[in-house]
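First up is the structure itself, then whatever we jot down about it.
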Amino acid sequence: MVRKSETAGRLDDAARAGWLYYVAGRTQDEIASSMGISRQSAQRLVSLAVAERLIKVRLDHPIAACLELANAVRKKFSLKHVEVVPSDPGSGSATVGIAEAAAAEIERWLKRPDPIVLAVGTGRTLKAAVDQLPAIECPNHRIVSLTGNIAPDGSAAYYNVIFSMADAVKARHFPMPLPVLVTSAEERETLHGQQLVRSTLEISAQADVTFVGIGELGIDGPLCVDGFLEKDEMMELMRNGAVGEICGWVFDGEGKLLDNPINERVASASIPSRESSTVIGIGKGKRKFRAIKAAVMGHQINALITDEETAEYLLKV
């Protein structure tokens, strides 16, 4: 018999201790007795379970202030759905809180009995959300990627989430075998004409629900950091009024897609019709304020998951 590694065995113990503490409601003394270890060891194992993200907490009680903000934002921008989570002033994370809320919303859609097409974009927030998903069996659903899964250097794009979802969700998956941006409009037309790509584009247009991240622009924005745009290209976009992007599609302060050479090179599928699909944008934080405002104003999205600070900003503009 192959012996478990020490690390794997310790994580098993941490998972057991975490389950006993958070699910079974046992005290640390009871855990120590049950597992035949000291109370201090039990405490360390519970802490390890949290540190290794083996424990995922979901708050089921709605917070009144968040509900009021969500309702106000929904009405102001005529959105189908808005969820607002509490802000954490002490956190520098751009994903904490909204990733968990997005995971819960994805799970709700995937648990629907009737077959659906669920489209996903890419990015850090979406990946953090997908990492929160439990294992779900839903063979009647189809999951399709709006964006390519290839990085500029030809490697697999790290923040493309379709393969992460495949690990958790037992449903048919349709990746987009392209980069986010190609070298020219002509190359995009050639690639989109391929049967494999064309069928993925057709499925994405049928999406019942779509989950996308909202990206800010700038030399620290995702398109630059991930190597899809050079700094001078980014600065030129911003001089021309660009404030944000979704799946690589760049839009201005009113939420209108820019008519420029960069958008002509975007190989992503078009954002599904807001008439037929619930398009849920996920984002928060000061760096994304202008991008999120433009996305809801221009109805690039028709639903939003964000935090209190961002919701308050949207209600002031």
Side-chain angles (χ1 to χ4, degrees), residues 92-96 98-99 102 119-132 143-167 173-185 187-188 191-192 197 200 204 210-240 242-252 257-258 260-271 280-292 294-295 300-301:
S93 171
T95 66
V96 68
I98 58 172
V120 291
T122 187
R124 293 156 179 78
T125 306
L126 263 177
K127 187 174 188 307
V130 169
D131 287 345
Q132 298 284 331
I143 299 172
V144 60
S145 179
L146 296 178
T147 56
N149 52 31
I150 300 174
D153 63 0
S155 63
Y158 181 73
Y159 291 109
N160 189 280
V161 303
I162 193 79
F163 299 117
S164 299
M165 288 194 75
D167 291 336
H173 287 69
F174 298 84
M176 181 73 73
L178 300 173
V180 175
L181 290 172
V182 292
T183 58
S184 67
E187 182 183 9
R188 179 178 70 178
L191 291 170
H192 279 192
V197 176
T200 302
S204 69
T210 303
F211 291 86
V212 293
I214 303 171
E216 74 276 16
L217 297 189
I219 59 174
D220 295 327
L223 289 178
C224 265
V225 171
D226 295 339
F228 292 107
L229 284 181
E230 298 296 331
K231 291 181 180 179
D232 58 342
E233 292 177 308
M234 176 61 73
M235 299 310 294
E236 180 65 19
L237 274 176
M238 296 175 70
R239 282 193 293 270
N240 290 331
V243 302
E245 58 88 12
I246 293 175
C247 298
W249 295 103
V250 180
F251 50 86
D252 64 17
L257 293 182
L258 291 182
N260 67 10
I262 299 299
N263 274 344
E264 291 176 0
R265 293 166 45 202
V266 176
S268 303
S270 298
I271 301 170
I280 303 175
I282 310 165
K284 69 169 187 174
K286 290 184 174 66
R287 291 179 58 181
K288 294 179 181 282
F289 275 2
R290 294 182 67 201
I292 295 172
Q300 291 297 326
I301 58 177

Which atom of [X] lies closest to which atom of [Y], heavy atoms considered:
X	Y	value
Cys247	Gly121	SG-CA, 3.8 Å
Ala291	Val243	CB-O, 3.6 Å
Ser270	Trp249	CA-NE1, 4.0 Å
Leu178	Ala267	CD1-O, 3.9 Å

Separation between [atom1] of [X] and [atom2] of [Y], rounded to the nearest 0.5 Å:
X	Y	atom1	atom2	answer
Ile292	Ile282	CD1	CD1	11.0 Å
Thr95	Asp131	OG1	CG	9.5 Å
Thr200	Ile162	OG1	CD1	9.0 Å
Met234	Ile262	CE	CD1	8.5 Å
Leu146	Thr210	CG	OG1	6.0 Å
Leu126	Phe211	CG	CZ	8.5 Å

I'd like to check the side chain to side chain contact (heavy atoms under 4.5 Å, CB included) partners of [X]; sequence neighbours left out, ordered by chain and number.
X	result
Ala242	Leu217, Leu237, Val250, Leu258
Lys286	Phe289, Glu309
Pro177	Leu196, Val197

Check whether any side-chain N or O of Arg188 sits under 3.5 Å from a backbone N or O of Glu264 as a donor-acceptor pair, and report yes or no.
-> yes

Residues that Glu236 engages under salt bridge (charged side-chain N to carboxylate O under 4.0 Å, His left out), provided they are two or more places apart | Arg239

Taken in chain and number order and not counting sequence neighbours, the residues that satisfy salt bridge (charged side-chain N to carboxylate O under 4.0 Å, His left out) with Glu233 are Arg265

Test side chain to side chain contact (heavy atoms under 4.5 Å, CB included) on Asn240 and Asn260 and set out the steps.
-> CA-CA 9 Å; Asn240 290 331; Asn260 67 10; 5.5 Å; no

Verdict with supporting geometry, Val266 and Leu181, side chain to side chain contact (heavy atoms under 4.5 Å, CB included) = CA-CA 5 Å; Val266 176; Leu181 290 172; 3.5 Å; yes

Taking the side chain as every heavy atom from C-beta outward, state whether [X] and [Y] have any atom pair closer than 4.5 Å.
X	Y	answer
Val120	His173	no
Ile214	Gln300	no
Pro222	Glu245	yes

Going by the salt bridge (Lys or Arg N to Asp or Glu O under 4.0 Å) test, which pairs reach into residues 210-220, not counting sequence neighbours?
-> Glu216-Arg287, Glu216-Lys288

Side chain to side chain contact (heavy atoms under 4.5 Å, CB included) between Thr147 and Met176, worked out | CA-CA 6 Å; Thr147 56; Met176 181 73 73; 6.0 Å; no

Yes or no on side chain to side chain contact (heavy atoms under 4.5 Å, CB included) for Val180 and Ser268, after CA distance, side-chain angles and deciding distance?
-> CA-CA 6 Å; Val180 175; Ser268 303; 4.1 Å; yes

